[in-house]
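Written below as structure tokens is the structure these notes are about.
Numbering of ligands and ligand atoms starts at 1, following listing order.
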Amino acid sequence: MEKPYILHMITPTKNLSPFDVNMALDAGWDNTVGYTNVEKDEVQALVQDAIFSRGPTGVKRTGIFLGGREMYLAMDMMENCQEAMVPPFEVSCFADPSGAFTTAAGMVACAEQALKDKFDTDLTGKCVIVMGGTGPVGSTAAVLAAKAGAEVKIMGRAKDKSQRVAALCNSEYGADMIGIQGEANDMIDDVVHMADVIFAAAAAGVQVIKEKHIETSGRLKVAADVNAVPPSGIAGLDLMGNCEPIAGSKSGAVGIGALAIGNVKYQTQHRLLQEMRDSDKPIYLHFERAFEIAREIVKG
Ligand SMILES: NC(=O)c1ccc[n+]([C@@H]2O[C@H](COP(=O)([O-])OP(=O)(O)OC[C@H]3O[C@@H](n4cnc5c(N)ncnc54)[C@H](OP(=O)(O)O)[C@@H]3O)[C@@H](O)[C@H]2O)c1
């Protein structure tokens, strides 16, 4: 009998995400097993327990998924996971905490494609403002945009928290070539006129960009929103909108709504789960590979 594909799903939170479980089974994993409330230092023992029981063919049909609520913790856990491997007993691992890596990859890839299609340009040197930038989706989007050459501002309700998150993104993920900055939401009226791109990644159901910001944002080209819970994170954006002009924008900006981004996110996560299942060699997947795939998807 052929061994089944087993995905061990580890999360530091109380619950595993049902969304991720569905995604894994739909991508071809036969079984998912959840481990909740897992601390970073417990990852090694769990992974080693998983790799030694199935022999060389079995490890190829075994994978680790890392969830949770934080970008940094998921990346630290992935490092611990990688260090726990004992070749040839080695399995693939994919981190996507709260879907943040695939969601941010979808959002940045959609915005980048809109810049190309509508304005014949890219993210290099563009000013990108990330509302809700201290959360998992926002901080990942900030890192991806900075690595693509943008000058990024992480916005949040408290300036010191935004600065702390910006510093972490810079030091941990190589965004320091350009330097992400942190700013308070209170300063939005002062910074919005500089924005070429706005990402709305604040908590669900919170509108962080109002009509007046769209009207006064004279350089704005693309505004993208991942919040699918009314009201929209950016005033005037349609949930399904995919590069429609935003009413009131004097600069001819286009909007990308949460469901358009969600569609790319879904395909990206599906492909990463399949890639991990089908790979002959152990692979370690996180926001960088997610962005590569999302870019391929939006190019069509
Ligand atoms: N479309 C998709 O496929 C998809 C997939 C996953 C997630 N999402 C959506 O993506 C968004 C971001 O997800 P997430 O998990 O990163 O969000 P989150 O952690 O819940 O919130 C992100 C940030 O929003 C800020 N925030 C919280 N409450 C706020 C309020 N009342 N007013 C203003 N700001 C507030 C917080 O930053 P400060 O404390 O620094 O202000 C927080 O760090 C959510 O809307 C989520 O529903 C969409």
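In this structure the side chain of Gln269 reaches within 4.5 angstrom of the side chain of Asp96, judged on heavy atoms. Within the 4.5 Å cutoff, no side-chain heavy atoms of Lys221 are placed close to those of Val254. Ile6 places none of its side-chain heavy atoms less than 4.5 Å from the side chain of Asp30. A 4.5 Å side-chain heavy-atom check between Lys116 and Asp122 finds every atom pair outside the cut-off.
The distance from ligand 1 to the heavy atoms of Ala258 drops below 4.0 Å at these ligand atoms: 1 (N). For ligand 1, the atoms closer than 4.0 angstrom to any heavy atom of Gly156 are 40 (O), 41 (O). Heavy-atom proximity to Lys265, at under 4.0 Å, picks out these atoms of ligand 1: 3 (O). Less than 4.0 angstrom separates some heavy atom of Gly132 from each of these atoms of ligand 1: 22 (C), 23 (C), 24 (O).
Under the side-chain hydrogen bond (donor to acceptor under 3.5 Å, both in side chains) criterion, Tyr266 pairs with no residue at all, not counting sequence neighbours. With sequence neighbours excluded, the residues satisfying side-chain hydrogen bond (donor to acceptor under 3.5 Å, both in side chains) with His8 are Tyr35.
Counting heavy atoms under 4.0 Å from ligand 1, residue Arg69 touches it through the side chain alone. Using a 4.0 Å cut-off between heavy atoms, Val206 contacts ligand 1 through its side chain alone, with no backbone atom that close.
For atom 27 (C) of ligand 1, the nearest protein heavy atom (residue, atom name, distance) is Arg157 NH2, 3.2 Å. Nearest protein neighbour of atom 7 (C) of ligand 1, counting heavy atoms only, is Val137 CG2, 4.1 Å. In this structure, atom 22 (C) of ligand 1 lies nearest to the protein heavy atom Ala201 O, 3.5 Å. When only non-hydrogen protein atoms are considered, atom 44 (C) of ligand 1 lies nearest to Ala202 O, 3.3 Å. For atom 48 (C) of ligand 1, the closest heavy atom belonging to the protein is Val226 O, 3.1 Å. In terms of protein heavy-atom proximity, atom 5 (C) of ligand 1 is nearest to Thr103 OG1, 3.1 Å. Counting protein heavy atoms only, atom 3 (O) of ligand 1 is closest to Gly262 CA, 3.5 Å.
Any N or O atom pair closer than 3.5 Å counts here, and Gly135 shares at least one such pair with ligand 1. At under 3.5 Å, a nitrogen or oxygen of Ala204, whether backbone or side chain, sits near a nitrogen or oxygen of ligand 1. The distance criterion of under 3.5 Å between nitrogen or oxygen atoms is met by Ala203 with respect to ligand 1. Looking at Thr134 next to ligand 1, an N or O pair under 3.5 Å apart turns up. Close N/O approach between Ser98 and ligand 1 is not found [any backbone or side-chain N/O within under 3.5 Å]. By the 3.5 Å distance cut-off applied to N or O atoms, Lys161 is counted among the residues near ligand 1.
Neither Leu115 nor Val264 shares a network with the other; the hydrophobic side chains, linked directly or stepwise wherever heavy atoms of I, L, V, M, F, W or Y lie under 4.5 Å apart, form separate groups for each.
For the atom pair Cys93 SG and Ile10 CD1, the distance stands at 7.5 Å (nearest 0.5 Å).
No hydrogens or angles considered: a donor-acceptor pair under 3.5 Å links the side chains of Thr62 and Arg54. Using modelled atom types and a 3.5 Å distance limit, the side chains of Lys14 and Thr36 yield no donor-acceptor pair.
For the pair Ser279 (side chain) and Glu275 (backbone), a donor-acceptor distance under 3.5 Å is absent. The backbone N or O of Ile246 sits nowhere less than 3.5 Å from a side-chain atom of Ser249 that would complete a donor-acceptor pair.
Taking each of Ala228, Ala200, Pro136 in turn, the one with a heavy atom nearest to atom 14 (P) of ligand 1 proves to be Pro136.
Partner of Tyr173 under the ring pair (Phe, Tyr, Trp, His ring centres under 6.0 Å) criterion, chosen from Phe287, Phe101, Phe291: Phe287.
The protein reaches atom 11 (C) of ligand 1 closely, with a heavy atom under 4.0 angstrom from it.
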